[in-house]
Amino acid sequence: MRSVRKCSRTGCLEPAVATLTYAYSDSTAVVGPLATASEPHSYDLCEVHALRLTVPKGWEVVRHEGAFAAPDPSADELTALAEAVREAGRPGKPAPAPEPEGPSGRRGHLRVLPGRA
């Protein structure tokens, strides 16, 4: 089983093997092995995009030496997947209540509130 994380580059569906982070104060981009968890201020990259990364003039790139390898799934990932499957398969789980239909017949997130007089 491979990592379900995909490359962050738009339109790329390849599996991520590296993580890109920026050190803005040092004008440095760091490309290293795939982080164990996805972080909001980092980017997952496939091997092609990790190797082809360019930075603005005056910036430096620090790259992981050696080949990037797809990480093995951790016990935490497998446990979370097993729990999700168990939860979805439990009988007797109440179905969510349907949203009432509005005047247009559409279900939406907007509601009409009575006006103040």
Side-chain angles (χ1 to χ4, degrees):
M1 181 175 173
R2 293 198 172 246
S3 172
V4 295
R5 288 162 51 191
K6 300 289 183 193
C7 183
S8 296
R9 294 290 302 258
T10 303
C12 184
L13 300 175
E14 295 297 314
V17 296
T19 297
L20 166 66
T21 54
Y22 293 104
Y24 292 99
S25 60
D26 298 326
S27 299
T28 304
V30 180
V31 180
L34 187 63
T36 56
S38 182
E39 297 289 330
H41 299 292
S42 63
Y43 302 90
D44 296 335
L45 299 175
C46 66
E47 187 168 15
V48 171
H49 288 122
L51 295 174
R52 291 186 181 173
L53 177 77
T54 60
V55 294
K57 187 175 181 178
W59 280 59
E60 289 185 58
V61 178
V62 177
R63 292 183 198 273
H64 167 73
E65 291 185 19
F68 293 109
D72 293 329
S74 70
D76 292 340
E77 290 173 337
L78 293 176
T79 302
L81 178 60
E83 289 296 325
V85 170
R86 277 190 213 113
E87 183 67 28
R90 285 192 180 144
K93 185 176 178 182
E99 291 186 34
E101 290 188 11
S104 67
R106 292 180 42 191
R107 294 180 186 178
H109 65 281
L110 300 177
R111 303 282 185 256
V112 177
L113 300 176
R116 295 185 190 188

Open item on the list: Restricting to non-hydrogen atoms, name the atom on R5 and the atom on L34 that form the minimum distance, rounded to 0.1 Å.
Closed with: NH2-CD1, 3.2 Å
Open item on the list: I want to check something: taking the side chain as every heavy atom from C-beta on, are R9 and L45 in contact at a cut-off of under 4.5 Å?
Closed with: yes
Task: Same apolar cluster: V62 and W59, side chain cutoff 4.5 Å - done: no
Task: pair L53-R63: side-chain heavy atoms closer than 4.5 Å - done: yes
Open item on the list: So which atom in A50 and which in A18 form the shortest heavy-atom distance, rounded to 0.1 Å?
Closed with: CB-CB, 3.8 Å
Open item on the list: Minimum heavy-atom separation for H49 and C7, please, with both atom names.
Closed with: ND1-SG, 3.4 Å
Open item on the list: Closer than 3.5 angstrom, by distance alone: can the side chain of S42 be matched with the main-chain N or O of T19 as a donor-acceptor pair?
Closed with: no
Open item on the list: Do V30 and L51 sit in one hydrophobic cluster, given that two such residues count as connected whenever their side-chain heavy atoms are within less than 4.5 Å of each other, even indirectly?
Closed with: no
Open item on the list: Less than 4.5 Å apart, side chain to side chain, heavy atoms only: is that true for E14 and V48?
Closed with: no
Task: D44 versus S38, closest heavy-atom pair with distance - done: OD2-OG, 4.2 Å
Open item on the list: Can you confirm whether V31 sits close enough to L20 that some side-chain heavy atom of one is under 4.5 Å from a side-chain heavy atom of the other?
Closed with: yes
